[in-house]
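Below is one structure, written out as structure tokens, with a few remarks after it.
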Amino acid sequence: MKVLVINGVNLNMLGIREPLLYGDKSYAALVKGIKAEAKALGLKVRCLQSNEEGKIVTYIQRALGKYDAIVINPGAYTHTSVAILDALKAVAIPTYEVHLTDVDAREDFRKVSYVSLVAKRRITGLGFEGYYKALRMIAGKEDSPAEEV
Ligand code: DQA
């Protein structure tokens, strides 16, 4: 199975941005962890990051016919981007929405998620572990709706 992991705006700043919220580990460390987990699960994974909404839409469009699942943390675009929602609807690839923080316990504007309208599963507040959990769900090694947020 091939999985595309997309990280959106400001996620390249992991380790620098608000470490009390997002942790002190870098984006490179996240990618390393995702690749290790994917390998252990027998999944093929590609990790992409962009600060540009249109590029994220293009990544999603190009995934059509190439990937079996998408794991996406759009960053702040989660709360604003109808374009990312529409792209995910267009390709209809099973999508797993991940957030490092517990977005629903933060400011009201973070409680809105366009991506969640199409996401098969939503994992929030688990830090890097959220991405690994999404991969395990895709691999069929874990399915625990009770733990979903
Ligand atoms: C985030 C939560 C968003 O509200 C925020 O804008 C981010 C990161 C998270 O992973 O917790 O950039 O998606």
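Both L85 and V112 are members of a single hydrophobic cluster when ILVMFWY side chains are connected at heavy-atom separations under 4.5 Å. Residue L48 is not grouped with residue Y96 when hydrophobic side chains (ILVMFWY) are merged at heavy-atom distances under 4.5 angstrom, including chains of intermediate members. There is no path of hydrophobic side-chain contacts, each under 4.5 Å, that joins L88 to M137.
With sequence neighbours left out, the salt bridge (Lys or Arg N to Asp or Glu O under 4.0 Å) criterion links R110 to E107. With sequence neighbours excluded, the residues forming a side chain to side chain contact (heavy atoms under 4.5 Å, CB included) with I93 are A63, I70, V91, listed by chain and number. With sequence neighbours left out, K111 forms a salt bridge (Lys or Arg N to Asp or Glu O under 4.0 Å) with D108.
Closest non-hydrogen pair, A87 versus V57, comes out as CB-CG1, 4.0 Å. Scanning both residues, L135 and I34, for their nearest heavy atoms gives CD1-O, 3.7 Å. Scanning all heavy atoms of the two residues, the minimum distance from P74 to V115 falls at CG-CG2, 3.6 Å. Listed here is the closest heavy atom pair of L4 and Y67: N-CD2, 3.5 Å. Considering all non-hydrogen atoms of both residues, I60 and I84 come closest at CD1-CG2, 3.9 Å.
The line from OH of Y27 to CG of N12 is 8.5 Å long, rounded to the nearest 0.5 Å. Taken from CD1 in I138 to CE in M1, the straight-line distance is 6.5 Å, to the nearest 0.5 Å. The CG atom of L11 lies 12.0 Å from the SG atom of C47; values are rounded to the nearest 0.5 Å. For the atom pair CD1 of I16 and CG of N10, the computed distance is 11.0 Å after rounding to the nearest 0.5 Å. Atom-to-atom distance recorded for L21:CG and D102:CG is 11.0 Å, nearest 0.5 angstrom. Atom CG of residue L100 and atom NZ of residue K25 lie 11.5 Å apart, to the nearest 0.5 angstrom.
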- Steps toward side-chain contact (heavy atoms from CB on, under 4.5 Å) verdict (I56, I6): CA-CA 8 Å; I56 295 168; I6 302 174; 3.9 Å; yes
- Message: The test is side-chain contact (heavy atoms from CB on, under 4.5 Å); show your working for V5 and V45 and say whether it passes.
- Response: CA-CA 7 Å; V5 179; V45 76; 3.6 Å; yes
- Task: Might you work through the side-chain contact (heavy atoms from CB on, under 4.5 Å) test for F128 and L14, ending with a clear yes or no?
- Result: CA-CA 11 Å; F128 286 12; L14 284 178; 4.0 Å; yes
- Check the pair V98 / I72 against side-chain contact (heavy atoms from CB on, under 4.5 Å), numbers first and verdict last. CA-CA 6 Å; V98 173; I72 188 164; over 6 Å; no
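Evaluation of the side chain to side chain donor-acceptor pair (under 3.5 Å) test over residues 74-85, restricted to residues two or more places apart or in two chains, returns E53-S81. Evaluation of the salt bridge (Lys or Arg N to Asp or Glu O under 4.0 Å) test over residues 88-101, restricted to residues two or more places apart or in two chains, returns E97-R122. Residue pairs meeting the salt bridge (Lys or Arg N to Asp or Glu O under 4.0 Å) criterion with at least one member in residues 54-83, sequence neighbours excluded: E52-K55.
Looking only at atom types and distance, the side chain of Y114 has no donor-acceptor partner in the side chain of D86 under 3.5 Å away.
Each of R136, K141, K32 was compared with E37 under the salt bridge (Lys or Arg N to Asp or Glu O under 4.0 Å) criterion, and only R136 meets it.
A donor-acceptor pair under 3.5 Å is absent between the side-chain atoms of N7 and the main chain of Q49, judged by distance alone.
By the 6.0 Å and 45° rule, R17 stacks over the aromatic ring of Y22.
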